[in-house]
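Report on one structure; see the data block that follows.
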Amino acid sequence: MRNFFINNMHFRIIMSLLSVLALMFFCVVRLCEVSSSSYETAGISNGYTIEIKEGRGNFYDCNGERITGEKDIYYVVFLPCDEAILRFAVETEGDEREDGLKTLRSKRPVLVKREKKISGIGIYSFKSTERYSEDLGLEHIIGYLDGEGNGVSGLEKSYNRIIKADSNTELFFETSALGDFLLGAQPQVKKSYPKGDVYLTIDKKIQKICNDAAKSVKMGAVVVTEISSGKIRGMVSKPGFNVNNLKAYVNDSNSPFLNRALSAYSVGSVFKPLIATAMLETSNHSYTFNCTGYTDILGIRFFCNNRNGHGNMDLNTAIINSCNTYFYNAAASVNPKSLIEISTVLGFGKKVKLADDLNAVAGSFTTLAELEKSKANVANFAIGQGNIALSPLVMTNLYSAIANEGYYFSPQIIEGYSQNGEYYETEKESKRIVFSKQTADILKQYLINAVELGTGKNAKTNGFGVGGKTATAQTGRYINNKEILNAWFCGFFPSDNPKYVVIVFVEQASSGSENSAPIFKKIAEEINNLK
């Protein structure tokens, strides 16, 4: 009996020890499971990261004013808690509210962009800047970004490597082991910083003047360059587009994504001063012609803009009245090589590079062989028609040279850029001599006369003089059996000491005098008022 009791007690002790060991084993296993689960939730992620695509470098104007990122905004994070969900419903509407509430109810935070800070339980506001805000008409030049924050157009693309940050800004919100957001804790901010910024020749004040003056233009462009440097102070293409809503413009028949300031068009009579420079340089400036309203060349009748004729014309009065027949015949008296040589120095028929992937197109231009082949080609060349299509930007070269003693500087839009704390200035352009100072001075006066006495009178300003030339260019294209015309005014101001060249181009217009000259006047007067 005693042995049985002893054996039974030993058995109980052993079973108890086995039970304790089993329980300890179970606890260890369970602890490992919990630890593993906790590590997956809190250790590996231990919270929730929200990326904000900001931190990209900015564009500045020539006075150090921001062109991008000048407006403060807030990125507001709503965490999935009752208070934040209720506030979100109040602060939003439409699809934003519907989609956001679905996300919040699935226990995920929502990020929205607002102009003002929003505060509350489960709400965090991160201050940043709006990339594109002020309407300056620079969308064709600055460009836009893709969904990943990379530049895909304009200078955003050209300088993407320099102004793009290595990573996006991150907001890290801690969570509990069970994945619940810690409402009282501020997020950890890992801010991204750009490598550099880009500085443009654009003057924001002049740019705004150009953009406002061109608001009535359905399709066209404005370019303002500084004569003493070739620096572009303003450039607008119409129609424009909203970079924050690109889809709305994809099917627009007016081609809003086309930069008309850098595209090529028939130029018409604004080209006539080139013929005049060749005449003055080759001592043909004394040439006269009696305009009867037309002239016959190789059996083809070429008409003047005044079918009744202008009468006896010299170079000055021909420019004042934009007499076609005078220039038909005057151009024939000039060696074609001289015409092509001057055109070549002016960059006509060549693309103008402003930055990588940002160029004014070469367009088309009559060759020496074509001029030598036919007098009819010379006649068309004389009035900027035929195989001539040039950009508004490249036309600044001719008028800058006239206003600047016979030389010009190629157009520039980049002052320089900074990278990793160092500033790199763009290499300055050397001047390009086209013709003599005497020729420039004579022709400058003739263009002043064209505004004071002739076809450019609608460009005449108050308080200071200007010079310039109108054009109503035929395109050879028709809508409803009516030919499409392009209107131009190319000019400079102030006439006594020219500072700026302004090119105004209006597509599908009536005339340069009616459509373009008044815009030039408005721009010149408002820029002059700035000084």
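- A donor-acceptor pair under 3.5 Å links the side-chain atoms of Ser106 to the main chain of Thr103, judged by distance alone.
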- Task: Could you walk me through whether Met395 and Val270 pass the side-chain contact (heavy atoms from CB on, under 4.5 Å) test, one step at a time?
- Result: CA-CA 9 Å; Met395 288 302 298; Val270 291; 3.9 Å; yes

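- Without hydrogens or angle criteria, Ser400 side chain to Phe409 main chain gives no donor-acceptor distance under 3.5 Å.
- Of the listed residues (Ile123, Ile118, Leu101), just one forms a side chain to side chain contact (heavy atoms under 4.5 Å, CB included) with Phe88, and that residue is Leu101.
- A pairwise comparison of heavy atoms in Gly100 and Val110 identifies O-CG2, 3.4 Å as the closest pair.
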- Item | Worked check of salt bridge (Lys or Arg N to Asp or Glu O under 4.0 Å) between Asp166 and Lys195 | CA-CA 8 Å; Asp166 290 328; Lys195 299 174 183 176; 3.8 Å; yes

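- With hydrogens and angles left out, the side-chain atoms of Glu156 and Tyr132 include a donor and acceptor closer than 3.5 Å.
- The shortest heavy-atom contact between Val236 and Cys210 is CG2-CB, 3.8 Å.
- Using modelled atom types, no side-chain atom of Asn211 and backbone atom of Gln207 make a donor-acceptor pair closer than 3.5 Å.
- Checked by atom type and distance alone, the side chain of Asn458 pairs as donor or acceptor with a backbone atom of Ser513 at under 3.5 Å.
- Sorted by first and then second residue, the ring pair (Phe, Tyr, Trp, His ring centres under 6.0 Å) pairs involving residues 90-129 (not counting sequence neighbours) form an empty list.
- With a 4.5 Å cut-off on side-chain heavy atoms, Asp203 and Asn63 count as touching.
- Using cut-offs of 30° and 60° on the angle between ring planes, the pair Tyr144 and Phe241 is perpendicular.
- Arg233 places a side-chain N or O within 3.5 Å of a backbone atom of Thr201 that can act as its donor or acceptor partner.
- Annotation: the span from Trp488 atom CH2 to Thr472 atom OG1 amounts to 12.0 Å, rounded to 0.5 Å.
- Ser391 contributes a side-chain N or O that, together with a main-chain N or O of Val394, makes up a donor-acceptor pair within less than 3.5 Å.
- Counting only distance, with no hydrogens or angles, the side chain of Ser153 and the backbone of Gly143 share no donor-acceptor pair below 3.5 Å.
- Both tests hold for Lys431 against Tyr407: distance to the six-membered ring centre under 6.0 Å, angle to the ring axis within 45°.
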- side-chain contact (heavy atoms from CB on, under 4.5 Å) evaluation trace for Lys113 with Glu130: CA-CA 9 Å; Lys113 187 167 61 175; Glu130 181 76 271; 3.1 Å; yes

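- In the displayed structure, Leu258 atom CG is contacted under 6.0 Å by more than 12 heavy atoms of other residues, nucleotides or ligands.
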- Item | Trace of the side-chain contact (heavy atoms from CB on, under 4.5 Å) decision for Thr175 with Asp180 | CA-CA 5 Å; Thr175 61; Asp180 295 325; 6.0 Å; no

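- The main-chain N or O of Lys204 is found under 3.5 Å from a side-chain atom of Asp61 such that the two form a donor-acceptor pair.
- Scored by the side-chain hydrogen bond (donor to acceptor under 3.5 Å, both in side chains) test, Thr426 finds no partners at all (sequence neighbours excluded).
- A heavy-atom distance below 4.5 Å is found between the side chains of Phe78 and Val112.
- Using a cut-off of 4.0 Å between Lys/Arg side-chain N and Asp/Glu carboxylate O, Glu226 and Lys499 are scored as not salt-bridged.
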- Could you walk me through whether Glu170 and Lys191 pass the salt bridge (Lys or Arg N to Asp or Glu O under 4.0 Å) test, one step at a time? CA-CA 6 Å; Glu170 295 181 353; Lys191 190 171 177 59; over 6 Å; no

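- In this structure, Lys164 places its NZ atom where more than 12 heavy-atom neighbours from other residues, nucleotides or ligands lie under 6.0 Å away.
- The neighbour count for Lys215 NZ, taken as heavy atoms of other residues, nucleotides or ligands under 6.0 Å away, is above 12.
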- salt bridge (Lys or Arg N to Asp or Glu O under 4.0 Å) between Lys218 and Glu507, worked out: CA-CA 8 Å; Lys218 185 177 180 181; Glu507 193 175 349; over 6 Å; no

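- Here Tyr399 and Phe492 keep their ring centres 6.0 angstrom or further from each other.
- Side-chain contact of Gln412 with Glu429: a donor-acceptor pair under 3.5 Å is absent, judged by distance alone.
- Remark: the backbone N or O of Ser119 is paired with a side-chain donor or acceptor of Arg87 at under 3.5 angstrom.
- Ring planes of Tyr423 and Tyr199: perpendicular class, angle over 60° (limits at 30 and 60°).
- Screening Lys71, Arg66, Glu115, Glu70 against Ser133 for a side-chain hydrogen bond (donor to acceptor under 3.5 Å, both in side chains) leaves a single residue, Glu70.
- Atom NZ in Lys522 sits 9.5 Å away from atom OG in Ser216 (nearest 0.5 Å).
- Residue Lys238 holds its NZ atom at 12.5 Å from CG of Asn254, rounded to the nearest 0.5 Å.
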- Message: Lys231 vs Glu415, test: salt bridge (Lys or Arg N to Asp or Glu O under 4.0 Å). Steps then yes/no.
- Response: CA-CA 9 Å; Lys231 293 179 179 180; Glu415 291 275 13; 3.1 Å; yes

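- The CE atom of Met235 sits 9.5 Å away from atom CG of Leu138, with the distance rounded to the nearest 0.5 Å.
- Taking the six-membered ring for Trp and the full ring otherwise, Tyr424 and Tyr417 have centroids separated by under 6.0 Å.
- Lys53 NZ: more than 12 foreign heavy atoms inside a 6.0 Å radius.
- Less than 6.0 angstrom separates the ring centroid of Tyr500 from the ring centroid of Phe493.
- Other residues, nucleotides and ligands contribute only 12 or fewer heavy atoms inside 6.0 Å of the CD atom of Glu93.
- For the residue pair Asn160/Arg56, the side-chain donor-acceptor check at 3.5 Å is satisfied.
- Note: Phe173 and Phe181 have perpendicular aromatic rings, judged against thresholds of 30 and 60 degrees for the angle between ring planes.
- The line from OH of Tyr74 to OG of Ser125 is 7.5 Å long, rounded to the nearest 0.5 Å.
- Once rounded to the nearest 0.5 Å, the distance linking OG1 of Thr225 with CG of Leu393 reads 8.0 Å.
- Residues Arg131 and Glu54 are not paired through a salt bridge, judged by the lack of any N-O separation under 4.0 Å between the basic side chain and the carboxylate.
- Closest approach of Ala471 and Val267 over heavy atoms only: CB-O, 3.3 Å.
- A salt bridge between Arg114 and Glu96 is present, with a side-chain N of the basic residue lying under 4.0 Å from a carboxylate O of the acidic one.
- A distance-only check finds a donor-acceptor pair linking the side chain of Ser418 to the backbone of Asp197 [under 3.5 Å].
- Side-chain contact of Asn58 with Thr68: a donor-acceptor pair under 3.5 Å is present, judged by distance alone.
- Closest approach of Leu104 to Pro80, counting heavy atoms only: O-CB, 3.4 Å.
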- Phe505 vs Val217, side-chain contact (heavy atoms from CB on, under 4.5 Å): CA-CA, chis, key distance, verdict: CA-CA 9 Å; Phe505 164 73; Val217 176; over 6 Å; no

